[in-house]
J.: 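Just dropping this structure here.
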Amino acid sequence: MLDLKYLRDHLDEVERRLQQRGGELNLSGFRDLDQRRRALLQEAETLKAERNQVSALIGRTKDKSQVQGEIARMKEVSERIKGLDAELKSAEEALQALLMQIPNIPHEQVPVGQSENDNLEVRSWGAPPRFSFTPKAHWDLGEELGIIDFERAGKITGARFSLMRGAGARLERALINLMLDLHTQEHKYVEVLPPFMVNRDSMTGTGQLPKFESDLFHTDDVDFFLVPTAEVPVTNIHRDEILAAAQLPISYTAYTPCFRKEAGSHGRDVRGLIRQHQFNKVELVKFTRPEDSDAELQSLLGHAEKVLQILELPYRVVDLCSGDLGFSAARTFDIEVWLPGQQAYREISSCSNFRDFQARRAGIRFRREEGAKPEFVHTLNGSGLAVGRTLVAILENHQQEDGSVVVPGALRPYMGGLERIGKS
RNA sequence: GGAGAGGUGGCCGAGUAGGUCGAAGGCGCUCGCCUGCUAAGCGAGUGUACGGGGUAAACCCGUACCGAGGGUUCGAAUCCCUCCCUCUCCGCCA
């Protein structure tokens, strides 16, 4: 959510910068709505001030017969207040609804562009492996090795689910542990294990609601949502809190499964583990002072990259252009891992600085010092990493001609010393 | 799922025959004083949001907030309704 006062004073500038995102943008109603709200508010508050004064007078008067006229008059005033409050409420709701639909303003350094084709490659690491044979896609490798079973997952649940078995299941678990250990031990994040279902306020706080409800799984009998990313429960840890400056930056890492409807992606990535309704992810979340968030985004990005380096997986880092930015993000770097089966780089992590956009929605503030006015923190997060896609990358990049897969050295301690996954 | 108790300011905790309560008192914290040091003591201060004014920083005025949302009333932390959460006991269960 944008700052109401900032929007009021810089409407043209905001409009211009939001247009860089592309898509439809309609701020035309803002000016009127805002003025209407303030006019109603002033009128109602003036009447309330009067009512408070007169009511106090009535309270002090022993003989109520002396103030019958005042009581009658206040009865009318109260009626008018009631009407004004109702109008005010609807104006505020309309204004709020409008504000909630406005995406974040892109960071000054974001490259201007229309689509993912305009994203900027920042750097790459490692070289795509050269095979003396035709590399297989992970769905073939996985099924031949007996470690991924899509067919039975379809029977148990449906499309876009998977069943991991044996070394596959172990590999998934090993990756989660390796990532959590790295981030907690080397990068000093605090591990948290949050609820996998959240309420409406939490979803609104991080920006999934109200605009993107159709992407979320929702429970029937109670108003809960399955988390689409750990970003939601973890960022909401400090919702409606005022933190002390000395606490910042706060760095959390969390493993959660993620649940997404993937509505509108029919026909894309229909095979394999790339796009599932349920997948595992280790997330990195930071709360920082405003002036530190740019640097913290770089360090967070580095922490996510480190996982791929340890696993010997080639990747590149991409600076998302204005047109490809997510709703809440001011700036995003994607990490794309090389997938030999697709002969393409595919997103495996998305690291974003939300600045105060989520903090304002979620009421996450801090005080620079005792007695200072509360300010909004900046929030950041990134995948460190998407576990399923990491598993895909390992299978495809480390596959051998005989169909086996070499386990990267760093992962072997987590695999009970297993060096190679072969047919069992 | 059944029965009961309760949700007040950073914390503890008063406050129900509705009125002068943003809310006693204590703790904590900040500033000042005092005392070789420390502790104790003394004095003052100590919420947030929105709106208006302003040398737009300070500050001043107003409104709202005593779990959330409605209602009754000239007036509600106090009365009524709905919901949420916490605790205790029973049941059930990993």
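Here is how names work: the chains are called A, B, and so on, in the same order as the sequence lines, proteins then strands, and each is numbered from 1.
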J.: By nearest heavy atom, map A/Ala44 and A/Asp34 onto RNA chain B; which one lands nearer the 5' end?
T.: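 The 5'-side residue here is A/Asp34.
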
J.: Does A/Ser78 place a side-chain N or O at less than 4.0 Å from the phosphate oxygens OP1/OP2 of B/G75?
T.: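 Yes, within the criterion.
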
J.: For nucleotides B/U38 and B/C60, find the distance between their C1' atoms and express it as a whole number of Å.
T.: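 So the two C1' atoms sit 43 Å from each other.
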
J.: Ignoring hydrogens and angles, does a donor from either the side chain of A/Glu45 or the base of B/G62 sit under 3.5 Å from an acceptor on the other?
T.: yes

J.: Find the partner of B/C21: check Watson-Crick (N1-N3 plus N6-O4 or O6-N4) and G-U wobble (N1-O2, O6-N3) distances, both under 3.5 Å, and reply none if neither fits.
T.: none

J.: Tell me whether the centres of the aromatic rings in A/Phe225 and A/Phe217 are closer together than 6.0 Å.
T.: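 Here the rings of A/Phe217 and A/Phe225 have centres that are no less than 6.0 Å from each other.
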
J.: Between B/G45 and B/A49, how far is it from one P atom to the other, in whole Å?
T.: 22 Å

J.: Quick one: does A/Ser404's side chain have a donor or acceptor within less than 3.5 Å of a partner on A/Gln400's backbone?
T.: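 Not a single qualifying donor-acceptor pair exists.
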
J.: Atom CG of A/Leu88 and atom P of B/G62: how far apart are they, to the nearest Å?
T.: 20 Å

J.: Between A/Ala372 and A/Thr46, just flag the one whose closest nucleotide in RNA chain B comes earlier from the 5' side.
T.: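 The 5'-side residue here is A/Ala372.
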
J.: Using Watson-Crick or G-U wobble geometry with both distances under 3.5 Å, which nucleotide pairs with B/U16?
T.: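 The base-pairing partner of B/U16, which may sit in any strand shown, does not exist here.
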
J.: Among the candidates B/C50, B/U48, B/G70, find the nucleotide nearest to the side-chain atoms of A/Arg37.
T.: B/C50

J.: Ignoring backbone atoms, establish whether A/Lys373 has a side-chain N or O less than 4.0 Å from OP1 or OP2 of B/A49.
T.: no

J.: Does any N or O in the side chain of A/His277 come within less than 3.5 Å of the main-chain N or O of A/Arg260, such that one atom is a donor and the other an acceptor?
T.: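 At least one qualifying donor-acceptor pair exists.
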
J.: Write down the distance separating the C1' atoms in B/U46 and B/U88, rounded off to the nearest Å.
T.: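 These two C1' atoms come out 37 Å apart once rounded.
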
J.: Considering only side-chain heavy atoms of A/Asn52, which listed nucleotide, B/A64, B/A58, B/G75, is closest?
T.: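 Given the options B/A64, B/A58, B/G75, the side chain of A/Asn52 is closest to B/A64.
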
J.: Please determine, for B/C50, whether a Watson-Crick or G-U wobble partner exists with both distances under 3.5 Å, and give it or none.
T.: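 B/G62 is the nucleotide pairing with B/C50.
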
J.: Determine the interatomic distance between P on B/G2 and the same-named atom on B/U63; round to the nearest Å.
T.: 45 Å

J.: Hey, is the main chain of A/Ser202 close enough, under 3.5 Å, to the side chain of A/Asn236 for a donor-acceptor pair?
T.: yes

J.: Does A/Thr219 reach the main-chain N or O of A/Phe224 with its side chain, forming a donor-acceptor pair under 3.5 Å?
T.: yes

J.: Can you tell me the Watson-Crick or wobble partner of B/A44, both distances under 3.5 angstrom?
T.: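 When the pairing criteria are applied, B/U30 turns out to be the nucleotide that pairs with B/A44.
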
J.: Side chain of A/Lys48: nearest nucleotide among B/U63, B/G71, B/G51?
T.: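 The nucleotide sitting nearest to the side chain is B/U63.
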
J.: Atom CG of A/Leu4 to atom P of B/G52: distance rounded to whole Å?
T.: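 Those two atoms, CG and P, are 10 Å apart.
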
J.: Please pick, from B/U63, B/G19, B/G70, the nucleotide with the shortest atom-to-atom distance to any side-chain atom of A/Ala49.
T.: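 Side chain of A/Ala49 sits closest to B/U63.
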
J.: From the list B/A49, B/A64, B/C74, which nucleotide is the closest neighbour of the side chain of A/Pro374?
T.: B/A49

J.: When you compare B/G28 with B/A39, how far apart are their P atoms, in angstrom units rounded to a whole number?
T.: 12 Å

J.: Hey, is the side chain of A/Lys89 poking within less than 4.0 Å of OP1 or OP2 on B/G70, counting only N and O atoms?
T.: yes

J.: Measure CD1/A/Ile242 against C1'/B/C29 and give the value in whole Å, please.
T.: 15 Å

J.: Without decimals, in angstroms, what is the distance between A/Arg51 CZ and B/U73 C1'?
T.: 10 Å

J.: Just how far, in rounded Å, is P of B/G53 from CD of A/Gln42?
T.: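 About 7 Å, once rounded to whole Å.
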
J.: Out of B/G51, B/G19, B/A64, which has the shortest distance to the side chain of A/Lys64?
T.: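 For the A/Lys64 side chain, the nearest candidate turns out to be B/G19.
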
J.: Now, which nucleotide makes the Watson-Crick or G-U wobble pair with B/G69, with each of the two distances under 3.5 Å?
T.: B/C81

J.: Applying the Watson-Crick and G-U wobble criteria at under 3.5 Å, what pairs with B/C93? Answer none if nothing qualifies.
T.: none

J.: Students often get this wrong, so: under 4.0 angstrom with heavy atoms, is A/Leu41 touching a base, only sugar-phosphate, or nothing?
T.: sugar-phosphate

J.: C1' atom, B/C85 versus B/G67: distance in rounded Å?
T.: 7 Å

J.: Quote, to the nearest angstrom, the C1' distance that separates B/C87 from B/G10.
T.: 23 Å

J.: Please tell me which of the listed nucleotides, B/G51, B/U72, B/G70, lies nearest to the side chain of A/Lys82?
T.: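 Of all the options, the side chain of A/Lys82 is nearest to B/U72.
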
J.: Taking any strand in view, what nucleotide pairs with B/U55 in a Watson-Crick or G-U wobble way, both distances under 3.5 Å?
T.: none

J.: What's A/Arg8 touching, base or sugar-phosphate or nothing? Going by heavy atoms closer than 4.0 Å.
T.: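 Sugar-phosphate, backbone atoms only, no base.
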
J.: How long is the straight-line distance from CG of A/Asn177 back to CG of A/Leu182, given to the nearest 0.5 Å?
T.: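 CG of A/Asn177 is found 12.5 Å from CG of A/Leu182.
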
J.: In the structure shown, which nucleotide is the Watson-Crick or G-U wobble counterpart of B/A3, with both distances under 3.5 Å?
T.: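 With both distances under 3.5 Å, B/A3 matches B/U88.
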
J.: Can a donor-acceptor pair be found, under 3.5 Å and without considering hydrogens, that links the side chain of A/Arg200 to the backbone of A/Asp223?
T.: no

J.: Should A/Arg38 be listed as having a side-chain N or O under 4.0 Å from OP1 or OP2 of B/C50?
T.: no

J.: Quote, to the nearest angstrom, the C1' distance that separates B/U8 from B/A14.
T.: 10 Å

J.: Could you tell me if the ring centre of A/His238 sits under 6.0 Å from that of A/Tyr252?
T.: yes

J.: Counting only heavy atoms not in A/Arg368, do more than 12 sit closer than 6.0 Å to its CZ atom?
T.: yes

J.: Please report, rounded to the nearest Å, how far the P atom of B/G51 is from the CG atom of A/Leu47.
T.: 19 Å

J.: Give the rounded distance in Å between these two atoms: CD of A/Glu369 and P of B/C31.
T.: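 So the two atoms are 11 Å apart, to the nearest Å.
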
J.: Nearest to the side chain of A/Arg365 - B/U48, B/G51, B/C74?
T.: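 Closest of the options to the side chain of A/Arg365: B/U48.
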
J.: Could you tell me how far apart A/Tyr6 (OH) and B/C50 (C1') are, to the nearest whole angstrom?
T.: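 Checked: the OH to C1' distance equals 21 Å.
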
